[in-house]
Amino acid sequence: MADLSVKIAGVPFKNPLITASGAFGYGKEYEQLYPLSILGGISTKGTTLEPRFGNPAPRVAETPAGMLNSVGLENPGLDHFIQEGLPYLLQKDVTIVANIAGSTIEDCVEVCSRLDETDVHMIELNISCPNVKHGGAAFGTSCTSAAEITKAVRKATKKPLMVKLSPNVTDITEIAKAVESEGADAVSLINTLLGMRIDINSRRPILKQNVGGMSGPAVFPIAVRMVWQVANAVNIPVVGMGGISRWQDAVEMMMAGAAAFQIGAALFSNPMAPIEILEGLNQYLEDNGIQTVQEIVGSVQPW
């Protein structure tokens with residue numbers, strides 16, 4: 001077999017497949033199908049300082065080749081994660097990435113400072129959340145606010161810090177360079193694209209929040225483009241995500257410049273996707289005489 005191991009900001013992963021935040025929970029349901037140890041990593045359900053009950057239903061809607069969600073970061077809060085979720089995951093021989101979020105910089109700093117005292121392997125900061133102190137615009141939609149929150153969180157933890165970028169911006173490379181300049185050890189992208197569906201009979205949006213984040217195969221070409229652009233703009237590792245559902249997608253994403261990749265929406269339609277993707281990736285490397293998966297990272301040859 002080819003060597004599938006990778007390192008992101010010094011953190012070892014046995015393979016480049018990471019389950020995306022929000023799609024895998026703490027893995028307990030999927031563990032009925034396969035051991036969590038087959039995964040490279042798990043990005044946990046987004047954790048906030050206090051428990052969140054999420055948005056009112058309906059909060060999920062189907063779209064052509066994808067889905068919309070406005071779940072609203074429902075999670076049991078930091079205390080529960082530290083006391084129950086994290087200890088459970090640390091027994092599973094898999095790299096744990098703690099995805100964290102907050103409505104204020106102070107909340108994110110508090111979460112990170114407390115996680116700094118745990119054995120979690122890496123922190124993934126979600127900057128797609130609305131900044132309630134500045135009119136509700138997401139932290140990740142301007143270079144200034146993205147840099148500000150990254151700088152504050154960087155001071156709060158010694159853990160490797162990955163910043164998850166929003167695609168709902170004019171130039172994602174500028175956001176990536178802004179967080180890199182303030183101490184991000186890696187970036188992950190893309191988070192969901194803002195979308196909307198309307199019930200033509202009731203004339204109301206299908207989602208109670210009117211709009212939601214779009215994920216699934218339909219966003220894949222956009223994700224590949226943004227990963228390629230960011231990988232050529234920063235000097236830190238890029239973790240790619242957005243619409244990956246097959247091993248071919250994973251290869252393509254890594255060729256665009258992703259050192260590792262996350263899968264999310266694919267898990268809902270095919271819970272066995274991680275096994276199929278890893279098997280296909282390994283077979284591709286063997287068939288092409290490639291000894292390590294790291295050899296294909298950034299190997300695309302633009303015209």
Side-chain angles (χ1 to χ4, degrees), residues 2-9 11-24 27 30 36 38-44 66 94-97 99 121-122 124 126 160 162-167 172 176 184-193 215-232 234 236-285 290 292-300:
D3 181 1
L4 296 183
S5 64
V6 299
K7 277 191 176 182
I8 308 297
V11 179
F13 293 78
K14 66 181 65 172
N15 62 63
L17 189 150
I18 303 166
T19 55
S21 174
F24 203 70
Y30 291 90
L36 301 185
I38 70 160
L39 305 170
I42 295 174
S43 180
T44 64
V94 61
T95 301
I96 306 303
V97 180
N99 182 284
H121 302 113
M122 176 180 273
E124 181 179 47
N126 177 7
M162 180 160 62
V163 180
K164 187 172 183 176
L165 305 183
S166 169
I172 198 168
D185 298 304
V187 289
S188 57
L189 61 144
I190 59 175
N191 208 328
T192 54
L193 286 152
S215 58
V219 310
F220 180 67
I222 299 169
V224 171
R225 183 264 294 180
M226 288 188 169
V227 164
W228 175 65
Q229 289 178 319
V230 169
N232 284 283
V234 299
I236 54 178
V238 175
V239 174
M241 72 187 89
I244 297 171
S245 59
R246 312 173 303 150
W247 68 262
Q248 293 93 332
D249 301 334
V251 172
E252 192 173 338
M253 187 66 82
M254 297 191 79
M255 286 184 172
F261 57 88
Q262 296 187 14
I263 62 169
L267 291 160
F268 298 131
S269 58
N270 179 16
M272 302 302 291
I275 291 178
E276 295 172 10
I277 290 172
L278 289 173
E279 289 178 348
L281 175 59
N282 184 72
Q283 191 63 52
Y284 171 83
L285 297 175
I290 301 170
T292 71
V293 72
Q294 298 174 52
E295 294 178 48
I296 69 171
V297 176
S299 61
V300 63

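In this chain, numbering begins with 1 at the start of the sequence shown.
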With rounding to the nearest 0.5 angstrom, report the [atom1] to [atom2] distance, [X] to [Y].
| X | Y | atom1 | atom2 | result |
| --- | --- | --- | --- | --- |
| T95 | I8 | OG1 | CD1 | 10.0 Å |
| Q294 | L4 | CD | CG | 10.0 Å |
| L193 | S166 | CG | OG | 8.0 Å |
| I42 | L36 | CD1 | CG | 4.5 Å |
| L17 | I275 | CG | CD1 | 10.5 Å |

Give me the ring orientation class for Y284 and W247: parallel if the planes are under 30° apart, tilted from 30 to 60°, perpendicular past 60°.
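Y284 vs W247 ring planes: tilted.
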
Given side chains that start at C-beta, do those of F261 and L281 come closer than 4.5 Å, heavy atoms only?
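Yes; the side chains approach each other to less than 4.5 Å.
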
Under the ring pair (Phe, Tyr, Trp, His ring centres under 6.0 Å) rule, collect the residues that match up with F13, sequence neighbours excluded.
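With neighbours one apart ignored, the set is empty.
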
Heavy-atom closest contact ([X] atom, [Y] atom, distance):
| X | Y | result |
| --- | --- | --- |
| A176 | L165 | CB-CD1, 3.8 Å |
| A184 | V163 | CB-CG2, 3.7 Å |
| I38 | L278 | O-CD1, 3.4 Å |
| A9 | P237 | N-CG, 3.9 Å |
| V187 | M162 | C-CG, 3.9 Å |
| P12 | K7 | CA-CG, 4.0 Å |

In this structure, which one of M241, K164, Q262 forms a side chain to side chain contact (heavy atoms under 4.5 Å, CB included) with S21?
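Single side chain to side chain contact (heavy atoms under 4.5 Å, CB included) partner of S21 among M241, K164, Q262: K164.
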
Is a side-chain donor or acceptor of [X] paired with a backbone partner of [Y] at a separation under 3.5 angstrom?
| X | Y | answer |
| --- | --- | --- |
| N282 | A2 | yes |
| N15 | G40 | yes |
| H121 | I96 | yes |

Do any side-chain atoms of residues 224-232 form donor-acceptor pairs under 3.5 angstrom with protein atoms, and if so which ones, sequence neighbours left out?
from: R225; atom 1: NH1; to: Q229; atom 2: OE1; distance (Å): 3.0
from: N232; atom 1: ND2; to: W228; atom 2: O; distance (Å): 2.7

Compile the donor-acceptor pairs under 3.5 Å between side chains in residues 263-271 and protein atoms, sequence neighbours left out, one pair per line.
from: S269; atom 1: OG; to: A266; atom 2: O; distance (Å): 3.3
from: N270; atom 1: OD1; to: M272; atom 2: N; distance (Å): 3.2
from: N270; atom 1: ND2; to: E276; atom 2: OE1; distance (Å): 3.0

Can you name the side chain to side chain donor-acceptor pair (under 3.5 Å) partners of S299, sequence neighbours left out?
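For S299, no residue satisfies side chain to side chain donor-acceptor pair (under 3.5 Å) once neighbours in sequence are set aside.
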
Contacts of type side chain to side chain donor-acceptor pair (under 3.5 Å), residue D249, not counting sequence neighbours:
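Scan of D249 (side chain to side chain donor-acceptor pair (under 3.5 Å), adjacent residues dropped) gives S245, R246.
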
Which residue pairs satisfy the salt bridge (charged side-chain N to carboxylate O under 4.0 Å, His left out) criterion with at least one member in residues 253-272, sequence neighbours excluded?
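Every candidate salt bridge (charged side-chain N to carboxylate O under 4.0 Å, His left out) pair involving residues 253-272 fails, so no pair, neighbours aside, qualifies.
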
